[in-house]
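One structure is given below, encoded as C-alpha cells.
When a ligand or atom number is given, it counts from 1 through the structure's own listing order. Quantities reported herein were computed from a predicted structural model and do not represent experimental measurements. Note: hydrogens, waters and symmetry copies are ignored here, and every other heavy atom, side chains too, is used.
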Amino acid sequence: MAEKKILVAYASRYGSTGEIAEEIAEVLRDVGVDVSVSNVLETENLTGYGGVVIGSPIYMGKWLPEAVDFVKNFQDDLRRVPVAVFAVGFSMKEATEENRESGRAAISVIRPYVHPFDVGIFAGKLTYDDLSGADAEIIKMAGVMEGDFRDWDEIAAWAGDLEPLFKDIS
Ligand SMILES: Cc1cc2nc3c(=O)[nH]c(=O)nc-3n(C[C@H](O)[C@H](O)[C@H](O)COP(=O)(O)O)c2cc1C
C-alpha cells in the first residue's frame, strides 16, 4: 500500500499553536507517517494528502477566522479523508468539564463542514510582552495570568492515538 501523506494545518497569532502542530507532526513521524506542517494561510490545496489535522487557538471564544475559512474552503476534500481537529486556549489550563466544553463550543462553527474523528482541547501559552496593544488590553481587563500551560505529554498522547491517520501504512 502506498504511504499515506498527512497534513497538519494550523492557525496561530503568536506561535504557540504552531509549536503544538510541530509536536503532533513529530509524533506522527515517529510512527512512520510522512507529515507536512503548514499555516492554513499558506496551504493552497490538499492534493495528495490522505488525512488532515487542523488546529487553531481560541480567541474570544472562537477559532481564528482563517482556520474556519480553511475548513469551509476545503470542505469537499476534507469529507474524503480522516480529519482530526484541535483547539488551544488558556481556559484549558484547568481541565474542568466546563472549560473543555468551552473549547468544544469554539469549534462548533465548523461542524456543518467537517466531521472530525477526534477533537483535542489543549491549554496554550500567553506571554504579556508578545501581545499586540489590543490583545494586551483585553487580557489585562480579563485579569488573565500569563504562562506556558501547554502539556506536551497530553499533546503527544493525543497525536499517538490518531490511528485513522496511520492505520493504512504498510
Ligand atoms: C486577546 C486574547 C483572547 C483570548 N481568548 C481566549 C478565549 O476566549 N478562550 C481561551 O481558552 N483562550 C483564549 N486566549 C488564549 C489563547 O488562545 C492562547 O494564548 C493560545 O495559546 C494562543 O495561541 P497562538 O500563540 O498560537 O496565537 C486568548 C488570548 C488573547 C491574547
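Both I20 and V33 are assigned to one and the same hydrophobic cluster, defined by single-linkage of ILVMFWY side chains at heavy-atom distances under 4.5 Å.
Nearest-residue assignment for atom 26 (O) of ligand 1 (options A106, A123, S12; heavy-atom criterion): S12. Nearest to atom 18 (C) of ligand 1 by heavy-atom distance, out of K125, M141, K140, is K125.
For the pair Y113/L78, no side-chain contact is recorded, criterion being any heavy-atom separation below 4.5 Å from C-beta on. Within the 4.5 Å cutoff, no side-chain heavy atoms of Q75 are placed close to those of F70. Counting only heavy atoms from C-beta outward, the side chains of W63 and V85 approach each other to under 4.5 Å. I6 places none of its side-chain heavy atoms less than 4.5 Å from the side chain of V52. Looking at heavy atoms from C-beta onward, E23 lies out of side-chain contact with R150 at the 4.5 angstrom threshold.
Each of the atoms 3 (C), 4 (C), 5 (N), 6 (C), 7 (C), 8 (O) of ligand 1 lies under 4.0 Å from some heavy atom of M60. Counting atoms of ligand 1 from 1 in the listed order, those under 4.0 Å from a heavy atom of G15 are 24 (P), 25 (O), 26 (O). Atoms of ligand 1 found under 4.0 Å from any heavy atom of V88 (numbered from 1 in listed order, with element): 17 (O), 21 (O). Remark: ligand 1 atoms within the under-4.0 Å shell around heavy atoms of R13 are 24 (P), 26 (O), 27 (O). Every atom of ligand 1 with a heavy atom of I139 under 4.0 Å away is listed here by number and element: 2 (C), 29 (C), 30 (C), 31 (C). The ligand atoms of ligand 1 that sit less than 4.0 angstrom from a heavy atom of L131 are 31 (C). Contact atoms of ligand 1 toward G61: 7 (C), 8 (O) (distance under 4.0 Å to a heavy atom of the residue). For ligand 1, the atoms closer than 4.0 angstrom to any heavy atom of G124 are 21 (O).
Between F122 and F86, the angle of the ring planes lies from 30° to 60°, which puts this pair in the tilted group.
Looking at I58 next to ligand 1, an N or O pair under 3.5 Å apart turns up. Geometrically, ligand 1 and L126 share no nitrogen or oxygen pair separated by less than 3.5 Å. Remark: ligand 1 and S91 share an N or O pair separated by less than 3.5 Å (distance only, no angle test).
Annotation: atom 12 (N) of ligand 1 to nearest protein heavy atom, F90 N, 3.0 Å. Looking only at protein heavy atoms, the nearest one to atom 25 (O) of ligand 1 is S16 OG, 2.6 Å. Here the heavy atom of the protein found nearest to atom 1 (C) of ligand 1 is D135 OD1, 3.4 Å. Y59 OH, 3.3 Å is the protein heavy atom nearest to atom 22 (C) of ligand 1.
Listed by first and then second residue, the side chain to side chain donor-acceptor pair (under 3.5 Å) pairs involving residues 98-108 are T96-N99, E97-R104, E101-R104 (not counting sequence neighbours).
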Using a 3.5 Å cut-off and no angle test, enumerate the donor-acceptor pairs between side-chain atoms of residues 40-48 and protein atoms at least two apart in sequence or in another chain.
residue : atom : partner : partner atom : Å
T43     : OG1  : S38     : OG           : 2.6
T43     : OG1  : N39     : O            : 2.9
N45     : OD1  : T47     : N            : 3.1
N45     : OD1  : T47     : OG1          : 3.0

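With hydrogens and angles left out, the side-chain atoms of Y59 and D135 include no donor and acceptor closer than 3.5 Å.
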